[in-house]
Amino acid sequence: MQYNFTTIQPRYTTGSAKWNEIRKVLPGFEGDIVPFSVADMEFENAPEIREGLKKYIDTYVLGYGDLTDAYYEAICGWMKRRHNWDIKREWIARTPGVIKAFFTAVKAYTEPGEGVMLLTPSYYPMYAAISENHRKRVSCSLVNKDGRYEVGWEDFEAKAKLPDTKLFILCSPHNPSSRVWTQEELLRMGRICIDNDVVICSDEIHFDIVMPGYHHQVFATLSEEFAQHSVICTAPSKTFNLAGMQNSNIIIPNKELFDKFYGLLCTEMTNPKCNLLGYEANRLAYTECDEWLAQCLDVINTNRQIVEDFMAKEFPTVRITPMEGTYLLWMDFNSLGIPYKELGDRMRKEALCFFDDGYLFGDEGIGFERWNLACPTRYVEEALERIKKTFKK
């Protein structure tokens, strides 16, 4: 079956923050563009999910509910089939989104004033999880080598050895650099953390979105020892554009770590559950939508190649980080010599390109733009022409 990845549904009236931003900047705007910022897709949801949810609503009473055997089988089956990971249902805690999960991990595994490590630049809610819970951010700046990011190992080990460093939030694949960490890199990170009694919370929300030639490995599959020191945050939201369903599966093999995490959830949420439609959407995605995902990845990879080829020809000094995973392209515009706030302003008001400005991800992102490529190809091509017109003046 050929799925539809060419049309969109404008979301101006649906409460979408990223679509609303267009009209905040350009009041009354009605042009045929899409925003390229917040990391959800501008694709229709898989018809198997749409039709399955309609059937579910027609069939089931939407009262109080809990997880079914079919739900657990879907989660366990996906992890085994797609990631070669045998998990048990009792390892799964549910949270209304992965952000809630790493906020909970910060409080469960550290005390106020203790340190939480991040590889920076980093997904900005991770900064908030640390600061808003009165913990200390321990930043390990990634090393940009000719546009590709690597871990600065001496700095990483020194920060892990600090006596008050208790937690490492790993973003894998990394947002915003899109790095898919190699097995060797993950092994080295894990060994350093475990040797220094640092718990690893691995946000793997993008783990299904990997470009050709790269392979994502779930951190907990590296060894049983690594599994016993880790909290793995997963969700169908990025893979199948289900963020609005607010359903995540947090997988914690170590019972002590699980009990701390789940116990805190119970104190904060009383009865930590997600919603019935989110459960069903997750089950449908993980059992019926493999082919939709394969075609989706092809479109994203096509968009990546189009941008890289265009920019190499028209703006050869703009450095593009190789997009190994995620659908987020990290672009360095510093060579154009435009102050970063002016850069973002001109992108939005002149080029009509609504990206996420790089400074949101930390000081290392100043002068960068993050481009969400999960959209129909024609919108990418048209955006490139607008960028050319705006910055070739």
Side-chain angles (χ1 to χ4, degrees), residues 17-29 31-39 42 118-127 139 141-150 174-179 300 303-324 326-375 377-393:
K18 73 175 185 176
W19 279 81
N20 289 345
E21 180 66 16
I22 296 176
R23 286 183 171 168
K24 287 180 182 177
V25 176
L26 304 169
F29 182 79
D32 185 24
I33 66 172
V34 300
F36 303 113
S37 53
V38 176
E42 297 302 333
L118 294 176
L119 297 174
T120 56
S122 186
Y123 179 47
Y124 44 85
M126 293 178 175
Y127 298 136
S139 295
S141 293
L142 292 168
V143 180
N144 191 334
K145 291 190 175 181
D146 298 322
R148 186 174 187 268
Y149 285 83
E150 298 180 2
H174 187 258
N175 179 7
S177 78
S178 82
R179 273 300 316 277
I300 292 168
N303 292 347
R304 174 199 62 79
Q305 191 64 60
I306 287 170
V307 175
E308 289 183 357
D309 291 347
F310 184 97
M311 297 301 289
K313 177 183 177 182
E314 301 292 345
F315 295 92
T317 64
V318 172
R319 180 176 288 174
I320 297 178
T321 300
M323 197 176 82
E324 300 177 359
T326 79
Y327 45 71
L328 306 169
L329 194 66
W330 188 235
M331 308 174 69
D332 182 357
F333 286 87
N334 281 291
S335 64
L336 300 186
I338 303 171
Y340 71 95
K341 290 191 176 179
E342 179 186 340
L343 172 70
D345 198 49
R346 290 181 64 185
M347 280 290 185
R348 287 182 284 275
K349 293 182 179 179
E350 297 182 44
L352 304 182
C353 289
F354 288 76
F355 302 133
D356 267 342
D357 293 334
Y359 71 87
L360 297 171
F361 302 88
D363 289 345
E364 298 96 332
I366 288 175
F368 286 71
E369 298 289 333
R370 193 192 73 171
W371 188 339
N372 176 349
L373 293 178
C375 66
T377 298
R378 78 171 179 91
Y379 291 97
V380 171
E381 293 172 330
E382 292 167 4
L384 288 168
E385 291 298 331
R386 295 196 301 273
I387 291 173
K388 178 180 176 181
K389 181 179 179 181
T390 298
F391 292 99
K392 283 283 190 178
K393 292 178 182 178

So does Ser335 get a backbone contact from the side chain of Thr317, meaning a donor-acceptor N/O pair under 3.5 Å?
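Not a single qualifying donor-acceptor pair exists.
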If I take atom CZ from residue Arg370 and atom OH from residue Tyr123, how far apart are they, to the nearest 0.5 angstrom?
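Atom-to-atom, Arg370:CZ and Tyr123:OH are 7.5 Å apart.
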Under 4.5 Å between any side-chain heavy atoms of Glu381 and Phe310, yes or no?
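The answer is no, as the side chains (C-beta and beyond) never meet within the 4.5 Å cut-off.
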Check whether any side-chain N or O of Asn334 sits under 3.5 Å from a backbone N or O of Ile366 as a donor-acceptor pair, and report yes or no.
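The answer is yes, because a donor-acceptor pair under 3.5 Å joins these two groups.
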Is it true that a side-chain atom of Arg386 and a backbone atom of Cys353 form a donor plus acceptor pair closer than 3.5 Å?
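Such a contact is absent between Arg386 side chain and Cys353 backbone.
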Classify the side-chain pair Ser37/Asp356 by whether it contains a donor and acceptor separated by less than 3.5 Å.
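Result is no, nothing qualifies.
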Side-chain (Tyr327) to main-chain (Ala39) donor-acceptor, under 3.5 angstrom:
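Yes, Tyr327 side chain to Ala39 backbone: donor-acceptor pair under 3.5 Å.
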Met323 vs Ile300, test: side-chain contact (heavy atoms from CB on, under 4.5 Å). Steps then yes/no.
CA-CA 10 Å; Met323 197 176 82; Ile300 292 168; 3.7 Å; yes
Would you say Asp309 has more than 12 foreign heavy atoms packed within less than 6.0 Å of its CG?
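Yes, CG of Asp309 has more than 12 neighbouring heavy atoms, counting only those of other groups under 6.0 Å.
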Minimum heavy-atom separation for Asn303 and Leu373, please, with both atom names.
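Minimum heavy-atom separation between Asn303 and Leu373: ND2-O, 2.9 Å.
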Between Lys18 and Glu42, does at least one N-O distance fall below 4.0 Å, as a salt bridge requires?
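Here Lys18 pairs with Glu42 in a salt bridge, since their nearest N and O are under 4.0 Å apart.
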Does Tyr379 have any ring pair (Phe, Tyr, Trp, His ring centres under 6.0 Å) partners at least two apart in sequence or in another chain, and if so, which?
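Testing Tyr379 for ring pair (Phe, Tyr, Trp, His ring centres under 6.0 Å), a comparison that skips the adjacent residues, returns none.
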Checking the side chain of Asp357 only, and the main-chain atoms of Gly344 only, is there a donor and an acceptor separated by less than 3.5 Å?
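Not at all, since once roles are kept as given, no pair shorter than 3.5 Å links the two residues.
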Which distance, rounded to the nearest 0.5 Å, do you find between the CE of Met331 and the CD1 of Ile387?
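Between atom CE of Met331 and atom CD1 of Ile387 there are 6.0 Å.
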For Ser122, does its backbone N or O pair with a side-chain atom of Tyr127 as donor and acceptor, under 3.5 Å?
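Between the backbone of Ser122 and the side chain of Tyr127 there is a qualifying donor-acceptor contact (under 3.5 Å).
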Got a sec, which residues hit ring pair (Phe, Tyr, Trp, His ring centres under 6.0 Å) with Phe29, two or more places apart in sequence or on another chain?
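Result, ring pair (Phe, Tyr, Trp, His ring centres under 6.0 Å) vs Phe29: none returned.
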Passes side-chain contact (heavy atoms from CB on, under 4.5 Å), Asp32 versus Arg378? Steps please.
CA-CA 11 Å; Asp32 185 24; Arg378 78 171 179 91; 2.6 Å; yes
Can you see which heavy atom on Leu343 is nearest to which on Gly367, and at what distance?
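Closest approach of Leu343 to Gly367: CD2-O, 3.7 Å.
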Test Tyr359 against every option in Phe333, Tyr124, Tyr340 by the ring-ring contact (aromatic ring centres under 6.0 Å, His included) rule and name the one that passes.
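Exactly one candidate clears the test, Tyr340.
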Drop me the distance from Ile33's CD1 to Glu382's CD, to the nearest 0.5 angstrom.
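These two atoms lie 10.0 Å from each other.
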Does the pair Lys24 and Glu21 meet the rule for a side-chain contact (heavy atoms from CB on, under 4.5 Å), with working shown?
CA-CA 5 Å; Lys24 287 180 182 177; Glu21 180 66 16; 3.8 Å; yes
Could you tell me which non-hydrogen atom of Trp330 sits nearest to which non-hydrogen atom of Gly365, and how far apart they are?
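Distance-wise, the nearest heavy atoms are CZ2-CA, 3.8 Å.
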Starting at CZ of Phe355, measure out to CZ of Phe368 and round the result to the nearest 0.5 Å.
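Answer for the CZ-CZ pair, Phe355 versus Phe368, is 14.5 Å.
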Non-hydrogen side-chain atoms of His174 and Tyr149 separated by less than 4.5 Å
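A side-chain contact is absent here, since even the closest heavy-atom pair is not under 4.5 Å.
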Is it the case that the side chain of Thr321 and the backbone of Arg148 share a donor-acceptor pair, with hydrogens and angles ignored and the cut-off at 3.5 Å?
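Between the backbone of Arg148 and the side chain of Thr321 there is no qualifying donor-acceptor contact (under 3.5 Å).
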Salt-bridged, Arg319 to Asp332, with N to O below 4.0 Å?
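No, no charged N to carboxylate O under 4.0 Å.
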Angle between ring planes, Phe315 versus Phe391, binned at 30° and 60°: parallel, tilted or perpendicular?
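Ring orientation of Phe315 relative to Phe391: perpendicular.
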Give the minimum heavy-atom separation between Gly147 and Pro322, together with the two atoms involved.
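Residues Gly147 and Pro322, closest heavy atoms: O-CD, 3.5 Å.
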Should Leu384 and Met311 count as side-chain neighbours, where that means a heavy-atom distance under 4.5 Å?
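Yes, their side chains come closer than 4.5 Å.
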Is any side-chain heavy atom of Thr390 closer than 4.5 Å to a side-chain heavy atom of Arg346?
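Heavy-atom side-chain distance check passes, below 4.5 Å.
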Not counting sequence neighbours, which residues clear salt bridge (Lys or Arg N to Asp or Glu O under 4.0 Å) with Lys349? List them please.
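Expected list: Asp345.
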State the CZ-CD distance between Arg304 and Glu324, to the nearest 0.5 angstrom.
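Answer rounded to 0.5 Å: 10.5 Å.
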Kindly determine whether Ser178 and Leu329 satisfy side-chain contact (heavy atoms from CB on, under 4.5 Å), including the steps that lead there.
CA-CA 7 Å; Ser178 82; Leu329 194 66; over 6 Å; no
Can you measure from CZ (Phe36) to CG (Leu328) and round to the nearest 0.5 angstrom?
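Going from the CZ atom of Phe36 to the CG atom of Leu328 covers 13.0 Å.
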